[in-house]
Amino acid sequence: MTANPRQKPVFRFAPSPNGPLHLGHALSAFLNRDMAISVGGRFLLRIEDIDLTRCTPELEAGIYADLEWLGIDWERPVRRQSEHFAEYQSALERLIDLGLAYPAFMTRGETRTLVAAAEADGKLWPRDPDGSPLYPPDDRERSDVDRRQLLASGLKHAWRLDMGKTLEALGEALSWEETGDADRGLIAANPGAWGDVILSRSDAPSSYHLSVVLDDALQEVTHVVRGLDLFHSTSVHRLLQTLLGLPAPVYHHHRLITDAGGRKLSKSERDTGLAELRGRGLSPTDIRRLVGL
Ligand code: GLU
């Protein structure tokens, strides 16, 4: 499916209220807003708050305050992902019905222990493009009887995509259109590099990957402008879009703002937080300059 050519371009800034916004977010928000204005498009703000343990109303209020201070205006109402769990759940059920998802019972700690033991044994454990170990095959290889018993016992579980089975069923190469700061043009997607990606977590009824593709489609987003740290995730997004029959936006992955040591900014670094900088008397123009705009 391709986007309707007569549709106005739609951009979105989609922060998670799990920490205060920093300079990296300011760059992303400015770029989205500026690009939307330059092509006569719309600019949306989406609150990605599926992680109910880390996202707070105070941090969400901070996002609105920071953007208002920067002089960035967005369309109302704002879509808040925590209000749409049922929609993500029904997409998950479609993937389960297609036989492409399985319940994953291993906790993060158990996975870590298993991988560490294998590595201590001299095995080379495959890693995803972010450097995290791929999910072990144990749950995928379970018998149906075993799986049903564990589910019936009420054991907490996530749902994961059976990547091998999915790619086999799909049988086509995927790609996306990229206009960003690193690679440009048609980029070949490589979802297999992520292994059995998570679709819903044991502590949240969705996952970043699933909710982001559903919301981008539902909000008719035509241009996804976000940091280069999410470049490789786009492979997973293209796969889910294809499985769920959703249109593919154009992607623009922008440079990251790094700290003095060249590392990507984290939400815990206070000296780059927007509220902190505002408190120190910096102006929105200073922020634009600091992020190189
Ligand atoms: N919510 C994600 C974040 O704050 C961004 C998701 C996206 O732009 O696709 O990192």
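What you see is a predicted model, and the numbers here were worked out from it, not measured in a lab. For ligands, and for the atoms within them, numbers begin at 1 and follow the listed sequence. Residues: numbered from 1 along the sequence shown. Computed over heavy atoms, backbone and side chain alike; hydrogens, waters and symmetry mates excluded.
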Close N or O approach (His25, ligand 1; < 3.5 Å): no
Charged N-O contact under 4.0 Å between Arg46 and Glu48: yes
Whether over 12 other heavy atoms sit under 6.0 Å from Glu110 CD: yes
Could you pull out all donor-acceptor pairs under 3.5 Å where a side-chain atom in residues 113-122 meets a protein atom, sequence neighbours excluded?
{"residue": "Thr113", "atom": "OG1", "partner": "Gly109", "partner atom": "O", "Å": "2.8"}
{"residue": "Glu119", "atom": "OE1", "partner": "Arg127", "partner atom": "NH2", "Å": "3.2"}
{"residue": "Glu119", "atom": "OE2", "partner": "Arg127", "partner atom": "NH2", "Å": "3.0"}

Quiz item: cation-pi between Arg160 and Tyr135, 6.0 Å / 45°: yes
4.0 Å heavy-atom contact, Tyr208 with ligand 1: yes
Proximity flag Arg12 to ligand 1, non-hydrogen atoms under 4.0 Å: yes
Nitrogen or oxygen atoms of Val212 and ligand 1 under 3.5 Å apart: no
Within 45° cone of Phe30 ring axis and under 6.0 Å: Arg288 NZ or CZ: yes
Under 4.0 Å to a heavy atom of Glu48 - the qualifying atoms of ligand 1, by number: 1 (N), 2 (C), 5 (C), 6 (C)
